[in-house]
Amino acid sequence: MAFAQRVFSGMQPTGNLHLGNYLGALVNWVKMQDTHDCVYCVVDMHAITMWQDPAALKSAIREVTAAYLAAGLDPKKSIVFNQSKVAEHAELAWVFNCVARLGWLNRMTQFKEKAGKDRENASVGLYAYPCLMAADILLYRATHVPVGEDQKQHLELTRDVAQKFNNDFRPQIEAAGFADGFFPMTEPVIQGPATRVMSLRDGSKKMSKSDASDYARINLTDDADAIAQKVRKAKTDPEPLPSEPKGLEGRSEAENLVGIYAALSERSVEAVLAEFGGGQFSTFKNALADLAVAKLAPLNADMRRLLADPGFVDGVLKDGAERARVIAAETMNHVKDIVGLLR
Ligand code: AQP
């Protein structure tokens, strides 16, 4: 195999992590630690593509790190760090800004959603976000990226950047001894019954940190009462639950809650419907509230314990950044040689 198997992924410290971040990505990150060499990042440079209050950003970086650790990331096994501590992310992103084409970025739906109607007023960083994301991944020459469904398009762009770089500099890359190209064609890992967790208030919108309504999401910092209340208030329809998955078609809110239950209980949607199908939503919601509290309360307690010791969290980030820098510097040295930049 030409490329060593390596996993990279990250989350933005733009607020509290929520159940979507947890089930869509974090659960898979934890599992992959047993089978892969993993690099997990708090992508703080991505966060500042939209305005962040500086004091809140610093707290959020520590909170997201604490959530990673509480969810089961082991900083001895995996590299855990924050992006801005490793300057090579920005360096490689600049090279990729010069490789990616405007037409590619113009197609990115996340930019359109986040910039909204006032596109002229969006930051250049928000527009170039996918190039920084490609740099995050390819700096570690990662072969696998566990993410939620919403990141699929950005992963495709990462592959396009890798391919164009490998083609544009083919003679230099071959001369440097990389017969199969310098960057791998990274594979997204989008798996599990909750790759796209939807808002609890509107089944057509994904659960998001930036949703104005806190009732739209379950935060990993919510206590048991808040979790139970949010589940019980979640939007549903008047029909009872179906007994088979086909019956969830066109019922996005019901489908979402069943998917969440399946993911939290590590069972299939079929098995969940076999148990709750035909019953009232209120019964199912009570069971879901109990399950969510049972699963998330220990995580919440661990997060609080970790945040009470910011020195420990900062130590994890510092140690992770030192280890990340070793890999990043080696990649960047090769990139400079290949592109023709003196170092
Ligand atoms: N609703 C979701 N369902 C499943 N996976 C999700 N992810 C995010 N929302 C869902 C996955 O979580 C990882 C980290 O995402 P991010 O923090 O980089 O940014 P995001 O996708 O922009 O998340 P948010 O919550 O929607 O933040 P805001 O509101 O700031 O934009 C990614 O793997 C993502 O797929």
Side-chain angles (χ1 to χ4, degrees), residues 7-32 38-53 56-57 60-61 63-65 67-68 71 73 82-83 89 108-116 122-123 125-126 129-130 132-134 136-137 142 144-158 186-214 216-222 230 234 252-253 255-257 259-260 262-264:
V7 166
F8 177 91
S9 203
M11 296 201 190
Q12 299 188 72
T14 41
N16 287 323
L17 294 192
H18 52 71
L19 194 62
N21 300 130
Y22 179 66
L23 295 177
L26 210 38
V27 166
N28 289 328
W29 296 12
V30 173
K31 285 191 189 137
M32 292 184 94
C38 297
V39 182
Y40 294 124
C41 188
V42 180
V43 289
D44 46 9
M45 284 167 22
H46 281 280
I48 60 168
T49 57
M50 313 268 285
W51 165 255
Q52 305 296 325
D53 173 76
L57 178 60
I61 294 168
E63 276 168 26
V64 170
T65 310
Y68 285 4
L73 292 193
N82 61 305
Q83 187 185 26
H89 286 255
M108 296 295 112
T109 52
Q110 184 170 296
F111 174 76
K112 290 178 195 162
E113 281 162 21
K114 291 204 169 175
S123 74
L126 187 66
Y129 181 116
L132 179 58
M133 181 164 158
D136 299 336
I137 295 164
H144 295 84
V145 181
V147 280
E149 179 107 15
D150 58 319
Q151 291 302 323
K152 214 170 160 180
Q153 196 184 35
H154 287 163
L155 260 297
E156 278 160 16
L157 188 124
T158 298
T186 308
E187 294 287 339
V189 180
I190 301 174
Q191 63 189 17
T195 55
R196 188 171 176 82
V197 178
M198 307 310 278
S199 153
L200 300 181
R201 308 303 300 159
D202 176 352
S204 68
K205 274 170 46 185
K206 78 162 190 153
M207 187 177 283
S208 164
K209 297 185 208 93
S210 52
D211 197 309
S213 166
D214 198 49
R217 64 184 160 259
I218 294 177
N219 302 305
L220 299 187
T221 46
D222 283 344
K230 286 178 180 181
S252 53
E253 280 92 11
E255 187 178 13
N256 188 38
L257 295 183
I260 293 173
L264 284 174

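Nothing here was measured: the structure is a model prediction, and the numbers come from that model. Indexing begins at 1, ligand by ligand and atom by atom, following the structure's order.
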For the residue pair Gln83 / Asp136, report whether a side-chain donor-acceptor contact shorter than 3.5 Å exists.
yes
In ligand 1, which numbered atoms sit nearer than 4.0 Å to a non-hydrogen atom of Ala25?
33 (O)
Measuring from atom CD of Gln12 to atom CD1 of Ile48, what distance do you get when rounded to the nearest 0.5 angstrom?
11.0 Å
Tell me the nearest of Gln151, Gln110, Met11, Lys205 to atom 14 (C) of ligand 1, using heavy-atom distances.
Met11
Pull out every atom of ligand 1 sitting under 4.0 Å from any heavy atom of Gly24, numbered as shown with elements.
4 (C), 5 (N)
Atom CE in Met108, atom CD in Gln153: separation rounded to 0.5 Å?
4.0 Å
Please say whether Ser9 places an N or O atom under 3.5 Å from an N or O atom belonging to ligand 1.
no
Does Lys152 NZ have over 12 foreign heavy atoms under 6.0 Å away?
no
Using modelled atom types only, decide if a donor and an acceptor are shared between the side chain of Glu149 and the backbone of Thr195 within a distance under 3.5 Å.
no
Is the side chain of Asn28 donor-acceptor paired with the backbone N or O of Gln191 at a distance under 3.5 Å, no angle test?
yes
Met50 near ligand 1, heavy-atom distance under 4.0 Å?
no
Is there a nitrogen or oxygen of Glu149 sitting under 3.5 Å from a nitrogen or oxygen of ligand 1?
no
Ligand 1 to Val197 polar contact by distance, N or O atoms, under 3.5 Å
yes
Kindly confirm or rule out an N or O of Thr14 lying under 3.5 angstrom from an N or O of ligand 1.
yes
For Thr221 and Glu63, test the side chains for any donor-to-acceptor distance below 3.5 angstrom and give the result as yes or no.
no
Backbone, side chain, both or neither: what part of Val147 comes under 4.0 angstrom of ligand 1, heavy atoms only?
both
Salt bridge check, Arg217 against Asp211: does any charged N sit closer than 4.0 Å to a carboxylate O?
no
Give the ring-plane orientation class for Tyr68 versus Trp29, where under 30° counts as parallel, over 60° as perpendicular and anything between as tilted.
perpendicular
Atom 33 (O) of ligand 1: of Gly20, Gly148, Gly15, the nearest heavy atom sits on Gly148
At less than 4.0 angstrom from any non-hydrogen atom of Thr195, what atoms of ligand 1 do you find?
3 (N), 4 (C), 5 (N)
So which of Arg217, His18, Gln12 gets nearest to atom 25 (O) of ligand 1, if we judge by its closest heavy atom?
His18
For Lys114 and Met50, indicate whether the former's side chain and the latter's backbone hold a donor-acceptor pair under 3.5 Å.
no
So is His46 close enough to ligand 1, meaning a heavy atom under 4.0 angstrom away?
no
Protein heavy-atom partner closest to atom 20 (P) of ligand 1 - residue, atom, separation in Å:
Lys206 NZ, 3.6 Å
Does ligand 1 come near enough to Met207 that some N or O of the ligand is less than 3.5 Å from an N or O of the residue?
yes
So, is Ala194 polar-close to ligand 1, with some N/O to N/O distance under 3.5 Å?
no
Nearest-option assignment for atom 22 (O) of ligand 1, heavy atoms, candidates Lys114, Lys209, Arg196
Lys114
Exam field: side chain Thr186 to backbone Ala142, donor-acceptor pair closer than 3.5 Å
yes
